Amino acid sequence: MIALVVNGKARQLDVAPDTPLLWALRDTLQLTGTKYGCGQALCGACTVHVDGVPTRSCVTTVSAVAGRKITTVEAIDAGKVGRAVQDAWRKLDVVQCGYCQSGQIMSAVALLTTNRKPSDADIDNAMAGNLCRCATYQRIRAAIQEAARNLAGSKA
Amino acid sequence: MSAPAIENLSRRGFLKGMGGLTLGFCIAVPLGPAALAKIGVSQAPTFGFNAFLRIGSDDTVTVISKHLEMGQGTYTGLATILAEELDADWKTVKVEGAPADASRYNNLFWGPAQGTGGSTAIANSWGQLRAAGATARAMLVAAAAKRWQVPGAEITMRDGVVSHAASKRRARFGELAEAAAQEKLLIDVALKKPSEFRLVGRHAPRKDSADKVNGKALFTQDVQLPGMLVAVVAHPPRFGAVLRGVDATAAKRVKGVVEVVQIPSGVAVLANDTWAAKKGRDALKLDWDESKAFKLGSDEILAKYRELAKKPGLVAHNAGDADAAFAKAARVLRAEFDFPYLAHAAMEPMNCVVQRTAKGCEVWNGEQLHTGDQHALAAVFGLKVEQVKINMLYAGGSFGRRANVKSDYVVEAANIVKAINGRAPVKLVWLREDDMRGGYYRPMFHHALEAAIDAEGRLAGWRHRLVGQSILKGSPFEGMVKNGIDAVSVEGAANLPYAIPNLRVDLHTPEDIAVPVLWWRSVGSSHTAYSTEVFLDQVARAMGRDPVALRLELLSKHPRHAAVLRLAAEKAGWDKPLASGKAGTRRGRGVAVHESFQSYVAQVAEVTLAADGALKVDRVVCAVDCGIAVNPDNVRAQVEGAVGFALSAVLYGEIALKDGVVTAGNFDGYPILRINEMPKVEVHILPSPADPTGIGEPGVPPLAPAVANAVGAATGKYPGRLPFRVEDLKA
Ligand code: FES
Ligand code: FES
């Protein structure tokens with residue numbers, strides 16, 4: 001049994017310790033918002049937050065994150081930044097096929113949580129590990145800027 | 001049904017793995033309420049108006065989409081068309097995927113077959129869904145007229161509300177739905193005039209945005225059924241290799257592995273979860289007979305193609321007398337172009353869920369070729385076509401891959417289910433490497449072009465020879481192969497729009513290459529736009545002509561090409577010099593125009609080249625004529641995405657073979673564009689009264705030639721191959 005805190009809930013998982021967090025979330029906990037794209041930390045589709053840090057769950061074993069706080073896209077609206085990012089994504093209709101977008105959103109939330117006014121270069125740095133085959137990149141950039149503006153406005 | 005099982009776990013172990021399901025065919029297990037909520041199934045009573053529309057007592061307007069939503073925005077576009085004529089309130093409109101039933105949901109451009117592709121979804125549905133919306137509107141009007149005892153002609157509708165001004169009566173759709181659904185279907189209903197449109201051509205936000213930003217959207221990869229097993233398959237290392245033997249001892253020791261079965265396409269490991277199935281698959285010891293396998297590498301294939309190109313092929317198009325024009329030419333120009341195999345590499349690798357049911361079988365899939373897949377599945381199980389029930393889910397991209405002419409991965413999933421006698425529902429999961437090495441690539445092509453310039457300096461002759469595998473031969477679409485010419489091999493080349501009096505296009509179709517090929521976003525135009533548009537720029541340069549001016553002159557009979565070209569040039573500031581870059585860099589601007597699927601797109605690309613050959617595409621200005629733009633914002637989104645998709649092929653895209661083995665397995669070997677490489681894209685839509693045509697693909701073809709022509713403008717050298725090689729771009 002491996003104990004994790006997933007989206008605020010304590011969970012006990014009966015899985016092999018080498019199981020990647022990705023498959024434990026998807027197959028065992030049925031949290032299928034986190035996606036499989038490559039399994040090799042090459043695409044970012046599986047990005048979740050581990051203690052707030054964006055992490056590729058496909059190469060992170062459950063045993064490595066035992067006892068840690070995991071946040072997935074299903075609970076990202078619990079935070080103000082998460083909601084701002086989702087709002088911006090909807091407002092600009094960023095998504096196409098949508099398969100990469102959970103990972104994009106998790107990376108964007110992590111960026112805006114630590115950097116409320118990201119430059120284009122900051123966005124490139126934070127988001128370059130998240131591939132989008134539909135190439136929604138222009139709108140991802142615009143939506144991050146939109147969310148940053150709204151967060152700045154709401155703070156004032 | 002004898003399963004060619006090589007290794008079965010004990011019956012007890014199998015049952016345990018099945019979570020208590022009894023042997024024999026499973027009873028169809030419907031998706032639970034949670035899953036239904038996920039795909040937006042409303043609980044309120046609903047009333048069917050026609051095959052494409054239900055209205056609920058809660059005012060929900062459910063539009064049934066016969067086409068796959070794979071990112072191209074079709075759910076939103078189709079709903080916009082119907083909701084327009086219905087005068088529905090956009091906020092209450094929901095979209096649901098249609099079942100596989102070609103009698104109601106066939107693609108009107110494909111005869112009796114249901115499916116999505118060739119950028120036809122909006123185009124073939126335009127009239128059909130307008131009629132569906134307008135007739136339902138008439139039924140609502142009739143029901144209101146009866147209820148209120150007023151003349152139908154005095155009834156108005158707006159945003160889901162039916163009103164009668166004189167008597168001050170109003171009713172929401174939901175209040176009238178039950179009565180209206182009983183009304184007789186009127187055949188002759190008037191459609192709106194475009195000036196009356198309130199949704200079409202305006203902003204109707206995407207219907208799938210909400211569920212795609214919170215993880216709720218249901219993809220095939222996300223389907224979980226009670227007792228379901230996950231299958232990961234070991235495929236042959238080379239195309240055409242066959243299994244000689246397998247030792248599954250280690251695989252079956254993996255915790256969670258339930259069964260190992262041999263299927264025609266390899267060896268499947270079934271497990272309770274994906275990770276166990278993958279570990280089991282990786283633990284198989286496999287012995288392949290490769291004596292009949294395809295063993296050529298890309299270089300050898302290309303060498304064959306270059307040899308073939310020395311001889312005349314089958315003539316695909318002939319106008320005037322090209323040979324005479326070349327005999328008289330004052331000057332002859334030549335160029336050759338090479339194109340690699342390309343993988344679709346959708347972010348969701350191929351997958352499929354199949355279950356035997358009491359009635360036949362049920363499938364969950366990002367379903368792109370309903371009718372073809374139904375037939376293929378029926379053949380595997382010995383069922384009638386109508387016993388194959390298909391649930392069309394969102395696809396995490398496709399770019400053509402899920403419209404497989406051989407139903408490859410769908411049949412593989414079915415064969416696994418068959419091999420376990422239908423005892424459990426199975427989710428077949430291709431890992432990225434399986435997807436990358438699974439074949440069905442955009443075919444490799446070699447093009448050779450020649451232009452004859454006459455004594456007066458006019459472009460008098462054009463000869464274009466293509467060499468590459470046929471996509472359609474041996475497919476259900478083989479009827480499109482005429483006199484040995486596969487129409488999609490030469491599309492964009494045989495119908496060159498330029499007024500060149502003597503023109504010949506011929507084709508070699510090698511049949512001894514065993515690499516499976518398939519359509520890839522924009523199909524033939526993915527290579528023909530490049531060779532024709534880059535070569536034309538080389539001709540313009542040799543003639544000392546401006547590339548836009550020469551094109552416009554040659555497009556006198558093609559006003560829609562000319563109009564987008566003019567618009568793109570104007571918006572890009574073609575008449576002003578391009579700003580120079582930092583010291584040591586070279587900048588260039590290039591243009592290309594191409595029609596595909598009856599949509600017209602011109603693009604102007606601006607690039608910066610560093611001394612070391614690093615290429616940055618800074619800006620791409622696009623002009624589009626796709627008839628009436630049903631959702632202008634989606635047209636822009638599709639063209640933005642097409643630019644990024646096509647740029648991957650310019651910079652990186654290549655599936656290379658070495659001794660018949662596909663070298664790339666994942667995104668390290670087959671890189672795709674990243675956010676820092678995305679150019680600034682501007683999309684300008686040409687207003688048009690024409691019926692809408694597609695936009696999923698047409699943004700792709702002009703990008704690579706526009707970028708190559710920008711490189712040509714900066715360096716004087718035009719890349720003769722895709723992807724570009726950095727060493728060719730060095731200062
Ligand atoms: S699936 Fe984890 S990075 Fe691609
Ligand atoms: S939206 Fe399709 S991969 Fe990003």
Side-chain angles (χ1 to χ4, degrees), chain A residues 15-16 18-20 22-24 26-28 30-40 42-43 45 72-77 85-87 89-102 104-105 120-121 123-125 127-141, chain B residues 69-73 205-206 208-219 221-222 224 230 255-256 272-276 278-279 344-349 394-399 429 431-432 633-634 637-638 640-645 647-648 666-668 672-676 678 680-681:
Chain A
V15 298
D18 70 341
T19 305
L22 170 69
W23 298 115
R26 290 183 51 83
D27 289 354
T28 312
Q30 323 261 297
L31 289 168
T32 54
T34 304
K35 298 298 191 234
Y36 164 77
C38 71
Q40 308 260 351
L42 297 167
C43 79
T72 71
V73 70
E74 284 89 349
I76 204 65
D77 62 352
V85 167
Q86 286 178 324
D87 286 347
W89 246 249
R90 280 191 299 258
K91 180 173 169 201
L92 300 186
D93 270 347
V94 170
V95 307
Q96 290 188 24
C97 83
Y99 196 80
C100 74
Q101 298 292 348
S102 300
Q104 305 284 359
I105 283 170
D120 274 341
I123 294 175
D124 283 348
N125 279 333
M127 304 300 294
N130 285 86
L131 300 180
C132 176
R133 185 57 162 154
C134 303
T136 61
Y137 298 126
Q138 178 153 299
R139 289 178 188 225
I140 288 173
R141 184 184 302 281
Chain B
E69 177 56 70
M70 48 188 149
Q72 84 282 40
R206 280 186 81 110
D208 51 352
S209 269
D211 282 353
K212 287 179 176 177
V213 300
N214 61 18
K216 276 197 190 145
L218 193 73
F219 297 88
Q221 195 78 15
D222 305 330
Q224 315 251 8
V230 179
K255 189 174 167 240
N272 293 319
D273 60 67
T274 318
W275 183 243
K278 178 205 171 338
K279 280 206 290 187
H344 305 74
M347 281 312 292
E348 180 185 21
Y394 287 132
S398 168
F399 315 110
V429 172
L431 299 172
R432 175 57 61 193
D633 191 54
N634 189 55
Q638 283 307 299
E640 290 163 14
V643 164
F645 184 88
L647 190 50
S648 284
N666 212 314
F667 292 118
D668 48 352
I672 64 172
L673 198 79
R674 293 173 185 277
I675 193 169
N676 54 306
M678 182 75 189
K680 185 173 174 330
V681 183

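Remember, predicted model here, so these are calculated numbers, not experimental data. Letters A, B, ... are given to chains in the order of the sequence lines, protein chains preceding strands, and every chain is numbered from 1.
Distance alone, capped at 3.5 Å, is enough to place a donor-acceptor pair between the Q86(A) side chain and the V213(B) backbone. At distances below 3.5 Å, at least one donor-acceptor pair connects side-chain atoms of Y137(A) with backbone N or O atoms of L673(B). A donor-acceptor pair is defined here as one N or O able to donate and one able to accept, closer than 3.5 Å; such a pair exists between the side chain of R133(A) and the backbone of H344(B). Panel note: side chain Q40(A), backbone N666(B); no donor-acceptor pair is recorded below 3.5 Å.
Here the OG1 atom belonging to T136(A) is positioned 8.0 Å from the CD1 atom belonging to I675(B), to the nearest 0.5 angstrom. For the atom pair Q96(A) CD and R206(B) CZ, the distance stands at 6.0 Å (nearest 0.5 Å). Once rounded to the nearest 0.5 Å, the distance linking SG of C134(A) with CZ of F399(B) reads 4.0 Å. The structure places NZ of K216(B) at 10.0 Å from CD of E74(A), a figure rounded to the nearest 0.5 Å. To the nearest 0.5 Å, atom OH of residue Y99(A) and atom CE of residue M347(B) are 7.5 Å apart. To the nearest 0.5 Å, the span separating SG on C100(A) from CD on E348(B) amounts to 12.0 Å.
Of all the heavy atoms in R26(A) and Q221(B), the pair that sits closest is NH2-O, 2.6 Å. Between R432(B) and C38(A), the closest heavy-atom pair is CB-CA, 3.9 Å. Here the closest non-hydrogen pair linking A395(B) and C97(A) is O-CB, 3.5 Å. Here the closest heavy-atom approach between residue G98(A) and residue F219(B) is recorded as C-CZ, 4.0 Å. Scanning both residues, G37(A) and P349(B), for their nearest heavy atoms gives O-CG, 4.3 Å. Between T32(A) and Q224(B), the shortest heavy-atom contact is CG2-NE2, 3.7 Å.
Under the 4.5 Å side-chain criterion, counting only non-hydrogen atoms from C-beta, L22(A) is not in contact with W275(B).
Using a cut-off of 4.0 Å between Lys/Arg side-chain N and Asp/Glu carboxylate O, D222(B) and K35(A) are scored as salt-bridged.
Counting heavy-atom pairs closer than 4.5 Å to chain B, the top-ranked of the candidates L42(A), D93(A), D27(A) is D93(A). Counting heavy-atom pairs closer than 4.5 Å to chain B, the top residue among S102(A), G129(A), A128(A) is A128(A). Contacts with chain A were tallied for M70(B), E640(B), Q72(B); E640(B) has the most, counting heavy-atom pairs under 4.5 Å. Interface remark: of the candidates G396(B), A642(B), G644(B), S398(B), G396(B) forms the most heavy-atom pairs closer than 4.5 Å to chain A. Per-residue counts of heavy-atom pairs under 4.5 Å with chain B were compared for T72(A), V95(A), V73(A), N130(A); the largest is that of V95(A). Of the listed residues G256(B), G397(B), A637(B), the one with more heavy-atom pairs under 4.5 angstrom with chain A than any other is A637(B). For the options Q104(A), K91(A), R141(A), heavy-atom pairs under 4.5 Å to chain B are most numerous at R141(A).
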message = Please determine whether salt bridge (charged side-chain N to carboxylate O under 4.0 Å, His left out) holds for the pair D18(A) and K255(B), giving the CA-CA distance in whole Å, both sets of side-chain angles, and the decisive distance to 0.1 Å.
response = CA-CA 12 Å; D18(A) 70 341; K255(B) 189 174 167 240; over 6 Å; no

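For chain A, no part of K278(B) is nearby; none of its heavy atoms comes within less than 4.5 Å. Looking at A346(B), the atoms closer than 4.5 Å to chain A (heavy atoms on both sides) all sit in the backbone: N, CA, C or O. Heavy-atom distances place the side chain of I105(A), and not its backbone, under 4.5 Å from chain B.
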